[in-house]
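Just so it is clear: chains get the letters A, B, ... in the order the sequence lines come, proteins before strands, and each one is counted from 1.
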Amino acid sequence: MPQITLPDGSVKSFDHSVSAFDVAMTIGERLAKACVGCLIDEELCDLNTVIESDCTLSLVTEKTRDKQDDPNALFLLRHSTAHVMAEAIQRLIPGAMLVYGPPLENSFYYDIKFPDDRPLKDGDFEAIEKEMTAIIKENRPFTRYELEYSEGIRKIEAEGSKYKLDNAHRAHEAGSLSLTFYATGEPGKDWEDLCRGPHLPSTGRIGAFKIMSLASSYWHGDENSDRLTRVYGTSFFNKKDLKAHLERLEEAKKRDHRVLGKKLRLFAIDDAVGQGLILWTPNGSIVRKELQNFISAELTKQGYSEVFTPHIGKLDLYRTSGHFPYYADSQFPPLIERDHLVELSEEGCSCAQLSNNMSTGQIEGFMLKPMNCPHHIKVFDSQPHSYKDLPVRLAEFGTVYRWEQSGELNGMTRVRGFTQDDAHLFCTPDQIGAELQGCLSLVKIIFDVLGMIDYRVRVGLRDPDSGKYTGDPANWDKAEQACREAAQTLGVPFTEEPGEAAFYGPKIDFIVKDVIGREWQLGTVQVDYNLPERFNLSYIGADNEKHRPVMIHRAPFGSMERFIGVLIEHFAGAFPVWLAPEQVRVLPISEKSNDYAAEVLAQLKAVGIRATSDTHDQRIQAKIKNGSEMKIPYLLIVGPRDAEAKAVSVRAFGTEKDLGSMPLDEFIAAIANEYESKGTTTVKERFATATV
RNA sequence: GCCACUGUAGCUCAGUGGUAGAGCGCACCCUUGGUAAGGGUGAGGUCGUGAGUUCAAAUCUCACCAGCGGCUCCA
């Protein structure tokens, strides 16, 4: 006798078991037909799930009542589309073994092991899509059935897929006593798959789909395990939504920092220089310099000392820090002294021997620095410190080099040489809390000034099962607790993630998404008890005894390269005045106004505004178009009327029409103010307030 | 590093086993035009690199390099 509570609080009583679909029918046939699944006691289930006992029931329709996408409905849709795709692929390539096919936020994939002699190619998409269309047209129901565990295992063994067998074992280990299968149609007759579900009622509900791309993946995500082929696709309930999704992807591409970087001439990468090595062109250099000046001013306020250190250090330095030889794979190879190299090559020394001798310290050399900490530690250690001197805060825009795998390089966001806005704070254990908060506030100041509100905070802890973390567990516990407490003071939600710590200590990271949804770590604050230990650092306490300082590593931007890459996308290339490489462009209406344009330009430059004038032999419309495409904050149209009145006609980026005319000296004061205040007051606002 | 795709003029891209194409940009000429492209002329390319197949390769094959989308990694 199930009593079913609906979301509006009403209760429906039945004297027999019913399916969710039946319940929907008692409310209305139209509703029932619009349903694709249901939530029973908050758990997403098939629409035809039979309800035997009291529960809450919420029906899942294609769209919510206010016509929005329903994440649960899309989950069912994409999971079901993955099944249809898998069936189509197996029809086309019978030896293909299925592994795992989950839905994602905007898409789905299926990991598949293809026979070595028949890999999947991009050219197969059309044939697969054709098969899928046929399966959808047949409108076959997704039919769930359960087998007792050992019986299910026999069935899977008979099919001969070690991957599915592995999935079944895992389900069993997780406590499942039976195995569930889904047939696309009739069990025993139609295609089926070991699957937890749930699914749509039938294939016909898949309105629109597209196979997107192929990638290689690893079984269990393990690089040393079997290589699988991952087939990505996406689906929607109707063609219009699919089209809108594809258009969004196209739009996102336009604000990609790699596209804008070229168009706005912000940076370049040249093969002859090397992969992942950024050439900062004049425009990009302006953005970088403005950001550096901004943060430097904040550092001065917070009592930091700026230092400069070289780009290389001896191998021994990194033996002490623990970077060499343990992280040798992710670094540029060492620089070996010339005489040594000659000697070794004359002796016929093999590469393996060379590498061995370097690890053991028999051969000395230098390394391009992968991080700045060892150098800063040596700066700290260059003189004795009293507890009264602490905290010592050493800051440097330090350039580091790391040998990232070629497939990981990405525009400015993943590079092989980059400059961190780095600092290392040496403090007493008592000072950690306050210092961490100071560091976090710096990150917040940056995000606030730039209007970056869409970020998440991660507290990276050590993974107790991993051996890569060095140091005393008791210190780790203290450091992790300090990070947790500091993160709590931020006033924003954060997640604690084991396995995300640095090898020497836990950290608090600020993570932002790029235009295509990839996450990038920007600002970071890390607590470190280990390196002070390794380098035997000390300060003299009030008791006249030596004490060990604690180190805090922090970089509010993370790296200039990655930060500016993300920033370009954040602003879609339309930088605010204080960051814009070209802040103002003067557009004379014709050659006759060139003289006045030159006068305006000279006055702008005199107050430090980055301005140019466009004296090309073009009409004003073309000049406006060019200026707008370069996303210049202000275009000043100047013609005879303006020259007469000693005024300028102002057109701000992002406004359809011009703002109107303004006396030249007033504009200059206003733009200088906008620059100085980092946009707290703007030229645009002056016009707004003038009209009120 | 792994899998797929891509690589043609400064940029965006078309093209195809038989003499290399367009638009934008650039230079020059005409035009002196008041808020998102005025018109004309011209310069500019070993078709990513190297090998192979062929009478003939930018086009087909192989290798390499680079980019893109993923995977893995990220101190």
Side-chain angles (χ1 to χ4, degrees), chain A residues 104 107 109 111 114 119-125 212-232 249 253 256 258-259 262-263 265 269-272 274-276 318 321-323 326-327 329-331 369-374 400 402-411 413-415 420 460 468-470 500-505 507 516 518 520-521 524 526 528 530-531 553 562 587-594 616-629 635-642 649-651 655-661:
Chain A
L104 304 171
S107 59
Y109 67 78
D111 276 347
F114 285 94
L120 193 69
K121 298 274 179 190
D122 158 275
D124 294 321
F125 287 5
M212 303 295 286
S213 63
L214 289 180
S216 136
S217 63
Y218 305 101
W219 194 25
H220 299 161
D222 177 1
E223 214 177 342
N224 301 311
S225 188
D226 294 10
R227 292 206 178 90
L228 309 172
T229 303
R230 180 167 294 183
V231 193
Y232 281 89
L249 293 180
K253 267 190 206 160
D256 188 307
R258 292 162 299 190
V259 173
K262 201 170 258 178
K263 187 174 152 197
R265 303 196 195 116
I269 299 172
D270 190 303
D271 261 2
Q275 283 179 279
Y318 299 103
S321 73
H323 288 98
Y326 302 106
Y327 290 90
D329 286 350
S330 53
Q331 283 154 27
K369 65 180 176 187
M371 60 195 333
N372 302 301
C373 350
V400 299
R402 300 179 188 178
W403 187 257
E404 307 291 0
Q405 293 189 69
S406 61
E408 276 140 16
L409 298 171
N410 189 287
T413 48
R414 192 77 184 267
V415 292
Q420 297 177 311
K468 81 168 188 179
Y469 304 100
T470 61
E500 292 294 335
F503 77 91
Y504 50 73
K507 53 183 191 164
I516 55 175
R518 289 182 292 212
W520 298 100
Q521 177 200 311
T524 181
Q526 315 178 352
D528 180 6
N530 282 309
L531 290 180
H553 309 240
R562 181 177 287 180
L587 311 181
I589 276 171
S590 78
E591 225 166 82
K592 288 174 187 160
S593 302
N594 280 0
H616 282 88
D617 179 13
Q618 280 173 315
R619 295 193 179 186
I620 193 66
Q621 289 88 336
K623 293 184 186 184
I624 287 169
K625 177 170 186 290
N626 293 337
S628 303
E629 281 185 348
L635 300 177
L636 301 183
I637 288 91
V638 295
R641 292 207 294 267
D642 304 279
S649 298
V650 184
R651 192 181 169 114
T655 37
E656 286 291 311
K657 289 210 73 172
D658 65 322
L659 294 175
S661 180

(request) Please check if the side chain of A/D124 supplies one atom and the backbone of A/K121 the other of a donor-acceptor pair under 3.5 Å. (result) yes
(message) Nearest to the A/S590 side chain among B/C2, B/U32, B/U72, which nucleotide is it?
(response) B/U32
(request) For nucleotides 64-71 of chain B, just jot down a letter per nucleotide in 5' to 3' order: B, S or -, based on protein non-hydrogen atoms under 4.0 Å. (result) --SSSBBB
(message) Going by the rule salt bridge (Lys or Arg N to Asp or Glu O under 4.0 Å), which residues pair with A/D111 if we only count those two or more places apart in sequence or in a different chain?
(response) A/R230
(message) Looking at the base of B/G34, is there any donor atom on it, or on the side chain of A/D658, that sits under 3.5 Å from an acceptor on the other one?
(response) no
(request) Mark yes or no for whether A/S107, through its side chain, and A/L104, through its backbone, hold a donor-acceptor pair below 3.5 Å. (result) no
(message) So, using side-chain hydrogen bond (donor to acceptor under 3.5 Å, both in side chains) as the criterion, who are the partners of A/K253 when residues are at least two apart?
(response) A/E250
(message) Under 3.5 Å for both pairing distances: what stems, at least three Watson-Crick or G-U pairs long, include RNA chain B?
(response) B:1-3 with B:69-71, B:5-7 with B:65-67, B:10-13 with B:21-24, B:26-30 with B:38-42, B:48-52 with B:60-64
(message) Of the options B/G1, B/A36, B/C5, whose atoms approach the side-chain atoms of A/K121 most closely?
(response) B/C5
(request) Would you indicate what A/S628 reaches in the nucleic acid, counting non-hydrogen atoms under 4.0 angstrom: base, sugar-phosphate, or nothing? (result) base
(message) Which residues pass the side chain to side chain contact (heavy atoms under 4.5 Å, CB included) test with A/S213, not counting sequence neighbours?
(response) A/Y232
(message) Can you say whether a donor on the side chain of A/R619 sits under 3.5 Å from an acceptor on the base of B/A36, or the other way round?
(response) no
(request) Check every strand shown and say whether A/P640 touches a base, only sugar-phosphate, or nothing at a heavy-atom separation below 4.0 Å. (result) base
Which atom pairs link the protein and nucleotides 25-30 of chain B when you take only N or O atoms and keep those under 3.5 Å?
residue	atom	partner	partner atom	Å
B/C30	N4	A/D617	OD2	3.0

